[in-house]
Amino acid sequence: MKKKVHYTALSLACLLAAAVPVQALAATVDSPRFSRSEEAWARLEDNKLEYDEIADLIHEYNVTVINNRTSYRDYLGDTPSDVAQRYRDAAAELRDSIEFPTDPTEISYATMIMAAQTSETMAKNLEKQADNNVDDSRSIYMQYEQVEANLVLNTKLNRIAYEQKLLTGQLERENRTLLEAQYQSAQVQASVGNATQMDVLNAKQAMEQLDSTIISNDREAQTLRQKVALATGWNYAGNPEFGALPTIDPAATDQIDLEADKAKALESNYTLKINRRKLENSTDGATQENLGKTIYDNQQKIVSDVQTKYQSLLTARASYELAIAEQAIEAQKLAAAALRFRTGTASRLEYQQATYTKQEKDTAVETARLSFLTAWETYQAAVEGLASADA
């Protein structure tokens, strides 16, 4: 079942009257049907969540992004003075609502005093924000862009983490089968005097502990799945089909021009652009000096962060390539174990243990692949504007 419906502009008045879901309204106002092809809309509106759709799904259906777009309309064209006046108006409105109690004998007197004092503090803070304001509609727009870009990155990373949890769960279940075989073997050995009851108990306890771990992993996987679905427009009970994750060729890192990427990161960084805009808006000497120092500090941290994420990317690539090499070695060992089992020189349990070790290496390769994808996405996001610019 499709989770999203687009309406024509002609029905806007009816939608408002009927209090439609905010997703549909935002899609009507911000993304008219002609903004995408019918094929593109069909991909977004089906019940399958493809990895390459995440950015578009968040733009169209994420509640935070929609609310920010709605809020931004109120700031459209505002100067710093206009934004400051909004703070002052909010402070005045808050002060008008403050009521200090007059009867100390009232049961709620202390609570009412605390509430009034809290409101007064909030009003003062709003007035302080008005006095120090250097925001205008442009800087606010960039802040909303930054929020959306972070949502896209975090959702991608959650999608990858979900896949990692599935891999972990699959391996744990394979381990559970091996532990059960070991438990049964311990029982047999104990029955003929070759093992103690403590050996049997330990084998059983290992199974029970793993059962608990499996339950915990499954719960964490479900939480990640819900986060991804909610961020991309499905409701809490939504159950989209997840498409496959991409595989990044390790050789792609050879094409990276680190110095060029550092320059791009400085040009595209949201925090840096916002602070530069605030500096342009500032008229106070002390504020200008502080912002100048902040901007210089931002620049140093951005370059450092891109360098750090590049090194993490190279480390992830090396780990991925090592895991592939170890997988090949383990495949040879499993083939040898299979031959011994067929010729009767290895027990079924020994063969099962060799099979599980090979499965461990298979999972290690997939886990390393996903870790490399995570490092890749994190590095690319840093270059595209999300490098850490703060302490």
Trace of the side chain to side chain donor-acceptor pair (under 3.5 Å) decision for Y356 with Q352: CA-CA 6 Å; Y356 175 70; Q352 283 181 290; over 6 Å; no

[atom1] of [X] to [atom2] of [Y]: how many Å apart, nearest 0.5 Å?
X    : Y    : atom1 : atom2 : result
T79  : D135 : OG1   : CG    : 11.5 Å
H59  : L44  : NE2   : CG    : 10.5 Å
E220 : T168 : CD    : OG1   : 9.5 Å
I54  : L49  : CD1   : CG    : 6.0 Å
L245 : E377 : CG    : CD    : 9.5 Å

Could you check whether [X] pairs with [Y] (Lys NZ or Arg NE/NH1/NH2 to Asp/Glu carboxylate O, under 4.0 Å)?
X    : Y    : answer
K264 : E267 : no
E127 : R95  : yes
R159 : E163 : yes
K262 : D305 : no
R43  : E39  : no
D82  : R86  : no
R36  : D56  : yes
E172 : R176 : no

Side chain to side chain contact (heavy atoms under 4.5 Å, CB included) evaluation trace for I98 with E120: CA-CA 7 Å; I98 297 175; E120 177 63 27; 3.7 Å; yes

Joint hydrophobic cluster, [X] plus [Y], side-chain heavy atoms closer than 4.5 Å:
X    : Y    : value
L230 : L224 : no
V134 : L126 : no
L210 : I215 : no
M112 : M114 : no

Can you confirm whether the side chains of [X] and [Y] place a donor and an acceptor under 3.5 Å from each other?
X    : Y    : answer
T271 : Q146 : yes
Q143 : N68  : no
N239 : R225 : yes
Q288 : D284 : no
D199 : T196 : yes

What pair of heavy atoms forms the shortest contact from [X] to [Y], and how long is it?
X    : Y    : value
A354 : A337 : CB-CB, 3.6 Å
Q182 : L349 : CG-CD1, 3.9 Å
D261 : Y379 : OD2-OH, 2.6 Å

Exceeds 12 heavy-atom contacts within 6.0 angstrom, atom [atom1] of [X]:
X    : atom1 : result
E280 : CD    : yes
M207 : CE    : yes
E208 : CD    : yes
Y51  : OH    : yes

Trace of the ring-ring contact (aromatic ring centres under 6.0 Å, His included) decision for F242 with Y162: CA-CA 10 Å; F242 281 5; Y162 169 70; 5.4 Å; yes

For the backbone of [Y] and the side chain of [X], can you confirm whether one donor and one acceptor N or O come within less than 3.5 Å of each other?
X    : Y    : value
E350 : S347 : yes
D136 : S139 : yes
T315 : Q311 : yes
N269 : A387 : yes
S304 : Q300 : no

Steps toward side chain to side chain donor-acceptor pair (under 3.5 Å) verdict (N275, N298): CA-CA 9 Å; N275 285 334; N298 290 158; 2.8 Å; yes

Geometric class of the Y144/Y72 ring pair [parallel <30°, tilted 30-60°, perpendicular >60°]: perpendicular

Side chain to side chain contact (heavy atoms under 4.5 Å, CB included) between K358 and K333, intermediate numbers included: CA-CA 8 Å; K358 171 59 166 56; K333 291 181 178 179; over 6 Å; no

